[in-house]
**Q** 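One structure, as structure tokens, below. Some questions next.
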Amino acid sequence: MLALRDMRPRFVSVVFVVLLLVVGQAAATEQHLKPPGWAIASAHPLATDAGAEIARAGGNAFDAAVAVSAALAVVEPMGSGLGGGGFWLLHHADDGRQVMVDGRERAPQRAHRDMYLDAEGHVRPRASLDGPLAAAIPGEPAAIVHIAERYGRLPLSRTLAPAIRFARDGFPVTSRYQRLVKLRMSVFNRVAKQVFLVNGEVPRIGDLIKQPDLASTLTLMAQQGHAGFYAGQVAKHLVDNVSTQGGIWVAADLSSYAVVAREPIRGTYQDVEITSAAPPSAGGIVLVAMLNMLERWDLGHLTQVERIHRIVESMRRAYRDRAVYLGDPDFVSIETSRLTSKDYANKLIGDINAYATPSQALGVDRGEGRDTTHFSILDNEGNRVAATLSINYAFGSGFMVAATGVLLNNEMDDFVAKPGVANVYGLIGGEANAIAPGKRPLSSMSPTFLETDDALAVLGTPGGSRIISMVLLAGLAFAEGSLEAEKLVNLPRFHHQYIPDQIVFEPDAIEQTALVGLKLKGHQLKPRESSYGNMQAVIWLKNEGQLQAASDPRGEGWGAVLLNRPP
Ligand code: GLY
């Protein structure tokens, strides 16, 4: 039996510790090994609810991850979906096995490195962003089925049931939905307009968005698994619609899609063990590289100026490596051991001095996405899932495939349309991330576990290239003893990604005096008018038997803790 402890959880441990003692001897020896219940945090209350429903139905964290992924695909269509992809970082409690399920989209077979260039060799504006030519072959349906079949214990008919219900009965419009619809409605095709607008207008708050075709596609997946999406009528609709409306998909692109189980990236920072996303995400390598550099200083005893200066210089160098070296590991060779080694970090910090290093003195880069989503789950056996999913920019390519409810991604924009030349969003990248048939575009998505002997955090966030710096700031806070999920998701944020050579920061993230100090050191400062990111974190304090779940106040999500009941 599980009891939903707290709708917007703060501190829930005290009550539970009492309950554990009631359970008796067996529980007393177990309490350091097993969490006292479940913790789930996602970007939408209905998705968290779907996870809780699966927990109560006897599923494990992997079943819940299937339910939450599918629910987010329905109720947060601007962030992720069946037409997109993502990375699911899994931890098995029984044997400590960890794996990253790579459900990243792949370039279609007919893609080629110059496909977004005009006859003069110039990048065609928006060609990799809007419409079906911007869409890579989706990986999320394959990942959902793979996780259910390989790691779950409930059938897909049970784990997809909440998402099917939400698609059939509708989800209510929120202010975030309205804002992002306004941003992207001009690129919606006719089918997407019918689903996401009401009479061609932005719907009102509380209006219900129903997606009967998506409910049917999810039902086919529940009945047929992988083939429910990648073969049969859904695959036919996808290929026919894309290929007749400007895209280049063929049936073999779908029938040949497969997830890849990858070894996560691992590192340490002081006594914290870090497990994070492997390429084709840059997340884990860049995160570990930054932490390796920062471990050389006692950050806790520095002034804000000196602390931010060192963090920014570490970001600059690690993001430089992202631009130069990283891409799909099935296509380019990546020296992971070297890039994540302490020796290499020592070399990198060799030229950090009291002043900002101009990025031009180091080299080229690429940048940020507009949407995406993350969720974190810990079950009462100790299984964990951190998953960051995406269709890239808000509402992806804006192209919904008729009769399927599947909104396609625009993840092709995460490739470099022309090496060394900025794309439409000012992003620049290297040869390692050039377009090739079947290749996965480089990502920044960084689902992450942070663990010490006493504490565990499962976290991640959307936010394009800023994902990695947000996870870094949360990681530093965790290492410095900030063991409250709410604090981690609330942290003020600043970011540097090598190029553009500037510190971007949230309003009030840096004190006025520190801003003056950073300027004197030669840093370019770019204040943002609004906040960014949407972090979802769960924390387990092992010795105290305490569980926390928190959803970023910048978003509309929900963190829930479900406590075991004594028999
Ligand atoms: N589409 C954003 C990312 O993968 O980083």
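As the structure lists them, so they are numbered: ligands from 1, and atoms in each ligand from 1. Side-chain atoms are counted along with the backbone in the values below, which use heavy atoms only and exclude waters and symmetry mates.
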**Q** Any side-chain donor paired with an acceptor under 3.5 Å for Arg317 and Thr357?
**A** yes
**Q** Please name all residues satisfying salt bridge (charged side-chain N to carboxylate O under 4.0 Å, His left out) with Arg316, sequence neighbours left out, ordered by chain then number.
**A** Glu313, Asp501
**Q** For Ser390, take its heavy atoms, then give the atoms of ligand 1 lying under 4.0 Å from any of them.
**A** 1 (N)
**Q** Which class fits the ring pair Phe449 and His91: parallel under 30°, tilted 30 to 60°, perpendicular over 60°?
**A** perpendicular
**Q** Show me which atoms of ligand 1 lie under 4.0 Å from any heavy atom of Ser444.
**A** 3 (C), 4 (O), 5 (O)
**Q** Please confirm whether Phe171 and Tyr177 have ring centers closer than 6.0 angstrom.
**A** yes
**Q** Show which atoms of ligand 1 fall inside a sub-4.0 Å distance from at least one heavy-atom site of Arg104.
**A** 4 (O)
